[in-house]
Amino acid sequence: MTDLRDCSDTAAQTVSAAPMAGRRLGVLLLGGGVIGLIAAVVLLVEKIELLKNPDYIPTCNIGPILSCGSVMTTPQAEAFGIPNPVIGIAGFAAIAVVGAAILAGAGFRPWFRVATQAGVSFAVVFVHWLIYQSLYVIGALCPYCMVVWAVTIPLFWYTTLVNLQLLRDTGPAWARTAIRIATSYHGVVLTVWVLAIIILISHRFWDYWTTLI
């Protein structure tokens, strides 16, 4: 009986040690979802204004590089035949609802976890495609889009880590080791990830940044 209690205590400690588990994940999903939703709504409003008046200057046109207008008028801004902000509004609204449900104490079936993971995975892949397009094809940065980038990456990362905890005792040894390392150094991984994107942005537009000094 003592052994069973010890095992139970160990399991509980492992679950509680998982980054962003439980309530904290709910806060992240709700907060990130709301921030992303606001950015997507603003982008859609700006897009509509630009469609109504081609001479309209978006509020996020700050310079030749930081320019939403330069991005909104490209084919990449409608990657699936509809304005990207429409996809963002639907996706971030859903994420915010999931976060609110977690905070309210809701539990989710495995299929719902898989669907949520699929959603954030699609989002992070799409965001990195947009990052590449902005840097190396369009040659301009949309400030509101960058807010979406900054929100999507941690949403994906911590949702993935929490879901991976379900496999920590059942997967192969290499997978359990990888999950343990990712969980232990979750902040380091996220920091390196974000810094890598900042470095790419800095390098790509270095000539412009130096003119601002």
Side-chain angles (χ1 to χ4, degrees), residues 27-100 119-159 189-213:
V27 171
L28 175 69
L29 294 181
L30 178 58
V34 169
I35 293 172
L37 179 60
I38 292 172
V41 169
V42 173
L43 277 169
L44 183 59
V45 170
E46 296 282 15
K47 175 73 172 181
I48 293 172
E49 291 296 327
L50 196 59
L51 290 174
K52 291 193 298 185
N53 178 14
D55 296 324
Y56 173 74
I57 300 177
T59 58
C60 47
N61 275 21
I62 301 173
I65 299 301
L66 295 172
S67 174
C68 289
S70 301
V71 178
M72 288 179 182
T73 56
T74 65
Q76 291 89 336
E78 299 182 6
F80 298 97
I82 58 174
N84 294 344
V86 174
I87 300 173
I89 289 172
F92 285 119
I95 286 295
V97 170
V98 173
V120 295
S121 298
F122 166 79
V124 82
V125 171
F126 187 39
V127 155
H128 282 73
W129 179 79
L130 291 173
I131 292 173
Y132 175 83
Q133 295 296 316
S134 294
L135 295 183
Y136 303 109
V137 179
I138 301 171
L141 298 170
C142 166
Y144 293 137
C145 299
M146 290 192 288
V147 172
V148 171
W149 303 349
V151 171
T152 301
I153 292 172
L155 286 176
F156 164 79
W157 179 234
Y158 285 110
T159 299
V189 174
L190 182 61
T191 300
V192 171
W193 191 341
V194 173
L195 285 177
I197 294 174
I198 292 174
I199 290 171
L200 289 175
I201 293 173
S202 300
H203 178 267
R204 175 64 179 84
F205 301 112
W206 183 253
D207 291 341
Y208 172 71
W209 304 134
T210 55
T211 64
L212 302 177
I213 301 176

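This one's a predicted model, so the numbers in the text were calculated from it and none came from an experiment.
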Which salt bridge (Lys or Arg N to Asp or Glu O under 4.0 Å) pairs, counting each pair once, include a residue from [range], with sequence neighbours left out?
range	value
residues 56-82	Lys47-Glu78
residues 56-75	none
residues 204-213	none

Over all atoms of both residues, closest heavy-atom pair of [X] and [Y]:
X	Y	value
Leu30	Ala96	CD1-O, 3.5 Å
Pro83	Leu44	CB-CD1, 4.5 Å
Ile201	Leu135	CG1-CD2, 3.9 Å
Ala140	Val71	O-CG2, 4.0 Å
Gly63	Tyr208	CA-OH, 4.2 Å
Asn84	Gln76	ND2-O, 2.8 Å

(request) With sequence neighbours excluded, give me every disulfide (SG to SG under 2.5 Å) pair touching residues 31-71. (result)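 Every disulfide (SG to SG under 2.5 Å) pair that includes a residue of residues 31-71, provided the two are not neighbours, is Cys60-Cys68.
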For [X], side-chain contact (heavy atoms from CB on, under 4.5 Å) partners two or more places apart:
X	result
Ser134	Leu141, Trp149
Val125	none
Val124	His128, Thr152, Ile153, Phe156, Trp193
Ala39	Val147, Val148

(message) Are more than 12 heavy atoms, taken from residues, nucleotides or ligands other than Ile57, located less than 6.0 Å from that residue's CD1 atom?
(response)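 Counting other residues, nucleotides and ligands, CD1 of Ile57 stays at 12 neighbours or fewer.
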How long is the straight-line distance from [atom2] of [Y] back to [atom1] of [X], given to the nearest 0.5 Å?
X	Y	atom1	atom2	result
Ile35	Ile95	CD1	CD1	13.5 Å
Leu29	Thr159	CG	OG1	4.5 Å
Tyr136	Ile131	OH	CD1	10.0 Å
Cys142	Ile62	SG	CD1	9.5 Å
Leu130	Ile138	CG	CD1	8.0 Å
Leu43	Tyr144	CG	OH	8.0 Å

(request) Check ring-ring contact (aromatic ring centres under 6.0 Å, His included) between Phe122 and all other residues, then give those that pass, not counting sequence neighbours. (result)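 By the ring-ring contact (aromatic ring centres under 6.0 Å, His included) rule, Phe122 matches Phe80, Phe126.
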Partner set under side-chain hydrogen bond (donor to acceptor under 3.5 Å, both in side chains) for [X], not counting sequence neighbours:
X	result
Ser70	Ser67
Tyr56	Glu46
Trp209	none

